[in-house]
Every structure is written in structure tokens, then in C-alpha cells.
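Each chain gets a letter, A, B and so on, in the order the sequences are listed, and its residues count up from 1. All of these numbers come straight from a predicted model, not from anything done at the bench.
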Amino acid sequence: MFQPVKGTRDYLPDEMRRRNWVLDRIRRVFECYGFEPLGTPALESWEMLKIKSGEDIIDQIYYFKDKSERELGLRFEWTASLCRVVASHRELPMPFKRYAIGPVWRYEHPSEKRLREFWQADADIVGVGEAIADAEVLAVAVDGLKQIGLKDFKIRVNDRRILEALLNIADMPLGRSLEIFRAVDKIQKIGVEGVREELKRLGSSEASINRLLELIKRGGRPDEVLVDLERLVAGSPVGLIGLNFLKEIYKYSKLFGIDEYIQLDLSLARGLDYYTGPVFEIYAGGFEDYGSIAGGGRYDDLIKLFGGDQTPATGVSLGIERILLLMEEMGMLRNLEFGSRVYVAPSSPKMKPKAIEVAQLLRKEGFETDMDLMNRSLTKQLEHADRKGFSWVVIVGEREMAEGRVTIRCMRTGEQRSVKLVELPDHLKPHSSSSLNFNSAIV
RNA sequence: GCCGCUGUGGUGUAACGGUAGCAUACAGGCCUGUGGAGCCUUCGGCCCGGGUUCGACUCCCGGCAGCGGCCCCA
């Protein structure tokens with residue numbers, strides 16, 4: 001018997017329905033904010049995927065040669081593909097706001113929280129260098145999460161240019177910023193001592209390390225930290241640029257209505273090498289230990305690295321599996337209610353042609369409709385409809401049909417009544433809609 | 001990548017160096033025009049490869065997969 005390959009999994013209908021529900025809502029929010037869909041291949045050239053990914057990620061790229069010895073890889077995130085498109089389509093009007101939702105692949109140790117094939121929902125703004133873009137990208141992410149029923153958030157933000165300044169203040173070795181960033185970023189996972197070890201390995205002195213660890217402890221609500229921080233990086237032009245940018249983001253976040261979630265965290269750096277300024281991660285409020293459910297940052301140099309003009313860009317990525325797992329844990333997926341579906345049951349095989357007619361009529365009206373394909377007895381059909389969770393069964397019987405009527409049965413209550421065929425859609429409508437409902441959703 | 005535990009019908013489990021049993025699900029029947037209960041019937045399995053043995057699902061080795069931990073990392 002074949003199983004899904006390591007780190008991948010199947011999604012049976014019940015689960016897939018929930019997944020789709022979440023994906024649909026996020027897509028709708030993306031489009032609501034004016035992001036446009038962009039399709040790019042799962043397969044990209046290895047050469048391209050490697051650019052500015054960072055050592056650790058490169059090891060995780062699915063790599064292979066095709067039959068013509070081309071070196072290829074599977075996308076491990078969406079940003080590179082976006083940059084490739086932007087670099088090679090100079091005609092795109094700016095700003096270019098695009099979203100992409102789909103699977104990405106990383107060769108790493110699978111666990112419940114980490115598969116080798118997983119979905120990311122990305123929203124990026126290309127062509128805007130100002131903080132309004134970063135704030136909007138955060139807003140769309142928060143709104144997407146709200147629309148699937150999450151309520152409270154913590155957005156950790158930082159700017160790598162501030163970190164850069166702190167590195168200088170702490171007298172850390174020059175030219176190893178990226179490695180140091182990666183080490184510092186792990187503080188949540190490996191703890192202060194772990195980071196200390198890492199930094200030692202990178203050739204920093206004990207004193208520098210202590211100083212840096214002390215510096216990055218600062219964090220919290222922007223209103224409280226920003227002033228303090230201003231004094232700290234006063235002597236560093238780069239640091240000031242970063243700081244001012246964060247201020248701008250914070251300013252705009254108020255206008256977008258997400259400022260209450262924002263927290264400065266000077267230890268945040270993120271693992272990818274291409275970030276040039278602000279970086280951010282979103283956590284579900286009260287579930288910070290669970291890990292981030294979205295993350296992103298600004299990558300102003302990446303498009304140029306891909307052969308395009310110097311073009312600023314920023315974006316955010318939602319981790320779909322993480323989000324679903326979290327929702328599962330919070331018990332939110334059980335409350336999902338889907339539009340009611342209709343099952344058409346001929347009372348006997350003889351009525352099959354009439355049943356098809358009824359089913360087609362309902363489908364034309366937009367009802368999710370299924371019918372018996374196996375000449376089952378009415379008993380079996382009801383059993384089946386019950387198990388599959390249909391809300392309505394339309395019984396197409398000889399006796400009623402002779403008068404142009406059918407019987408509708410509500411599967412939840414067991415009530416049923418006879419209705420005219422021409423009025424059938426009206427009788428099913430109150431309980432059926434193409435839109436989805438969510439009991440505890442804010443919306 | 002490393003260490004540990006695990007691998008029996010679709011799912012969950014039992015036993016055993018000598019013909020693999022149960023539950024549940026699926027399909028059908030009791031029920032020839034009415035679901036959720038009950039009873040009955042059918043279908044269906046030892047992860048893969050090698051070794052030890054008269055004989056391996058069982059013991060040994062390797063692989064693969066899952067789970068947990070470490071490492072690594074969104």
C-alpha cells in the first residue's frame with residue numbers, strides 16, 4: 001500500500017472542506033485590499049532559488065536535475081518567484097500588489113507543526129518604499145486572520161537596520177551581520193544561552209555578546225520603547241533610519257486600525273537573508289508559545305538582484321497549516337457550518353430519469369446537489385445522505401411526481417412535506433446559500 | 001542528520017516460532033417509498049527486502065514510514 005511521501009499528507013473531504021473555507025476567506029480579504037492574483041510555477045531554476053536565501057534554507061530546497069540536466073528546485077516560499085516576474089516584466093504598473101496562495105516545499109524534519117509540503121498565503125506590495133506599504137501588508141494579514149475567526153494578535157516588529165546599529169554599539173565582528181541576525185533570531189527557540197553559544201562560535205567576544213544580549217532585551221509597546229531606543233541609536237545613521245521607519249509603520253498602523261497589536265522586539269531578525277529593513281511576525285494572542293502564524297518583511301534589494309530595476313518591496317506570508325492547527329487547538333473548526341447540501345433520492349430506480357431532472361434543476365439554481373448513482377433503496381439513500389451530512393433530501397416519488405410534486409425532508413429534524421416541483425428551490429433557499437457561515441466569526 | 005519507541009484488514013486493536021481473531025467503518029440484507037438503533041451476511045490484513053529456522057507476522061540485520069527527543073529551521 002502506498003502512503004503519502006514523507007512530510008506530506010492527504011486531506012480527506014471533511015478536513016479539506018475546512019481548509020478551503022479558510023483559504024477562500026483569506027483570498028477574499030486579499031482581493032478586498034486590492035491584491036491581484038499571480039500564478040507562477042512550482043518549479044524554478046536552482047540558480048534562482050539560491051539567490052539570497054541564506055545557507056540554512058538552501059539546504060532545505062528540493063533540488064533535482066531534469067532529463068536535460070537542468071538544475072531545478074521546488075519553490076520554498078513565494079517571494080523569489082514574485083521577484084523574477086517583476087524583474088522581467090517592466091511593463092507592470094506600480095505599485096504591483098499581488099497575492100499567491102499555494103503549496104511550498106522544504107526538505108526538513110517533518111513534525112506535526114512542520115510538513116515538507118505546506119501552504120503559504122502571500123501578499124506583497126512591490127514599488128512602494130514607504131512604510132504605508134508595510135503597514136498595509138500587516139493590516140491585510142491581520143484582517144485575513146480576523147475573517148477566519150481569530151480575535152487577538154501580537155505583531156512583533158523590528159528593523160534590521162536597528163539591529164545593525166546595535167551590533168556596532170556592542171562591537172560585534174563586522175561583516176557577519178547576517179549570521180549574527182540568524183543567531184539572535186533564534187532566542188525564542190534556543191534561549192539566551194543558546195544564542196550566546198552561537199555568537200561565540202561566530203567569533204564575538206564575551207563582552208560584546210553580553211552587551212548585545214542586554215540591548216536586544218528591550219521591547220514592548222512602541223510608545224514606551226521608541227523614545228528609549230532613539231537615545232540608544234542616536235549615533236548611528238543607519239539605526240536612525242531604521243528607527244524612523246518603524247515609527248512610520250507604527251503611525252500608519254494606527255490608521256489601519258492594527259496598532260494595538262504591535263510590539264517592538266529587538267531580537268527579531270527572521271531567517272531569510274534578503275530582508276533589508278523592517279521584519280515582522282504575527283502571533284495569535286494568548287498562543288505566543290505556539291509559534292508565529294505569519295511573518296514577513298521588506299526586501300528592497302531583491303528585485304535588483306534578480307536583474308530588475310532597484311524596486312522596493314515588502315510582503316507578508318501566512319502559514320496555512322500552522323493556522324489550521326491552531327484553529328483546531330482552539331476548537332474553532334468544529335463550529336464551522338457549511339452551506340446546506342441537497343440529496344436527490346428517487347424512490348425507485350424507475351424514477352431515476354426524473355431525479356436527474358430535479359437534480360439538474362437544483363444545480364442550475366446554484367444548490368450543491370448530489371443524487372443516487374447506485375440504484376440504492378430509499379432506506380440506503382437516506383442512510384447515505386445522513387452519513388454524508390446532507391441537510392435536505394428531496395424524495396422523487398412516483399405518487400407525488402404524478403401531481404408535479406416532490407417530498408422534501410429536513411435531515412436534522414426529520415420533518416418533511418410535499419411541495420410543488422416548480423417551488424422546490426424556494427423551499428430549500430432559507431437554509432441554503434452559496435456563502436459560508438461561521439458561528440463565532442466577527443466579520 | 002542523530003538517538004529512542006513503534007509498524008497486523010480503511011481505522012482501532014488481539015494472539016502466537018506452526019492455518020492471524022475481534023471491533024468499527026465500507027457494501028448488501030432483515031426493511032418491496034423513509035436515515036441516525038439493533039441483528040445478519042459479504043469483502044478485506046501481518047510495511048518492504050535480506051538473514052536465522054524444517055517452518056518467521058513473531059527472532060536478527062537493513063530500508064521505508066509514523067511518533068517523541070536532539071540538531072536544524074519558519
Is any N or O donor-acceptor pair between the side chain of [X] and the base of [N] shorter than 3.5 Å?
X: A:Q381; N: B:U34; answer: no
X: A:H109; N: B:G1; answer: yes
X: A:E108; N: B:G1; answer: no

Take the protein atom [atom1] of [X] and the nucleotide atom [atom2] of [N], then report the distance between them rounded to whole Å.
X: A:K354; N: B:G33; atom1: NZ; atom2: P; answer: 19 Å
X: A:L382; N: B:G28; atom1: CG; atom2: P; answer: 13 Å
X: A:Y275; N: B:C73; atom1: OH; atom2: P; answer: 16 Å
X: A:L12; N: B:C26; atom1: CG; atom2: C1'; answer: 13 Å
X: A:R412; N: B:U34; atom1: CZ; atom2: P; answer: 23 Å
X: A:E398; N: B:U34; atom1: CD; atom2: P; answer: 14 Å
X: A:E383; N: B:U34; atom1: CD; atom2: P; answer: 13 Å
X: A:K388; N: B:A25; atom1: NZ; atom2: P; answer: 15 Å

Please report, to 0.1 Å, the donor-acceptor pairs under 3.5 Å made by any side chain of residues 379-389 of chain A, with sequence neighbours excluded.
residue: A:Q381; atom: NE2; partner: A:P346; partner atom: O; Å: 2.9
residue: A:Q381; atom: NE2; partner: A:R376; partner atom: O; Å: 3.1

[X] near the nucleic acid: base, sugar-phosphate alone, or nothing, with a heavy-atom cut-off under 4.0 Å?
X: A:Q60; result: sugar-phosphate
X: A:G295; result: nothing
X: A:Y290; result: nothing
X: A:R9; result: nothing
X: A:G389; result: nothing
X: A:R387; result: sugar-phosphate
X: A:L272; result: sugar-phosphate
X: A:G319; result: nothing

Under a 3.5 Å limit for both distances, which nucleotide forms a Watson-Crick or G-U wobble pair with [N], could you say?
N: B:A25; result: none
N: B:A56; result: none
N: B:G35; result: none
N: B:C2; result: B:G69
N: B:G62; result: B:C48

Worksheet item: B:G33, B:G66, B:C73: which one has an atom nearest the side-chain heavy atoms of A:R114?
Response: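 Nucleotide nearest to A:R114's side chain: B:C73.
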
Worksheet item: To the side chain of A:T379, which of B:G28, B:U34, B:G33 is closest?
Response: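 Between B:G28, B:U34, B:G33, the one nearest the side chain of A:T379 would be B:U34.
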
Is [X] close enough and on-axis enough to [Y], meaning under 6.0 Å and within 45°, for cation-pi?
X: A:R19; Y: A:Y11; result: yes
X: A:R98; Y: A:F35; result: no
X: A:R341; Y: A:F390; result: yes
X: A:R116; Y: A:Y107; result: yes

Discussion item. Quick check: on RNA chain B, is the nucleotide nearest A:R399 upstream (toward 5') of the one nearest A:F76, or the reverse? Name the residue that is more 5'.
Written reply: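 It is A:R399, whose closest nucleotide lies nearer the 5' terminus.
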
Discussion item. Tell me whether the rings of A:Y99 and A:F30 are parallel (<30°), tilted (30 to 60°) or perpendicular (>60°).
Written reply: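 The arrangement is tilted - the two ring planes meet at 30° to 60°.
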
Fill in: Side-chain donor-acceptor contact under 3.5 Å, A:T79 with A:E77
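A pair is found: one side chain offers a donor N or O, the other an acceptor, under 3.5 Å apart.
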
Practice prompt. Respond yes when some side-chain nitrogen or oxygen of A:K380 is under 4.0 Å from OP1 or OP2 of B:G35, and no when none is.
Written response: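 Indeed not, no polar side-chain atom of A:K380 lies that close.
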
Worksheet item: Can you check whether A:R409 has a side-chain N or O nearer than 4.0 Å to OP1 or OP2 of B:G33?
Response: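 For B:G33, neither OP1 nor OP2 has a side-chain N or O of A:R409 closer than 4.0 Å.
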
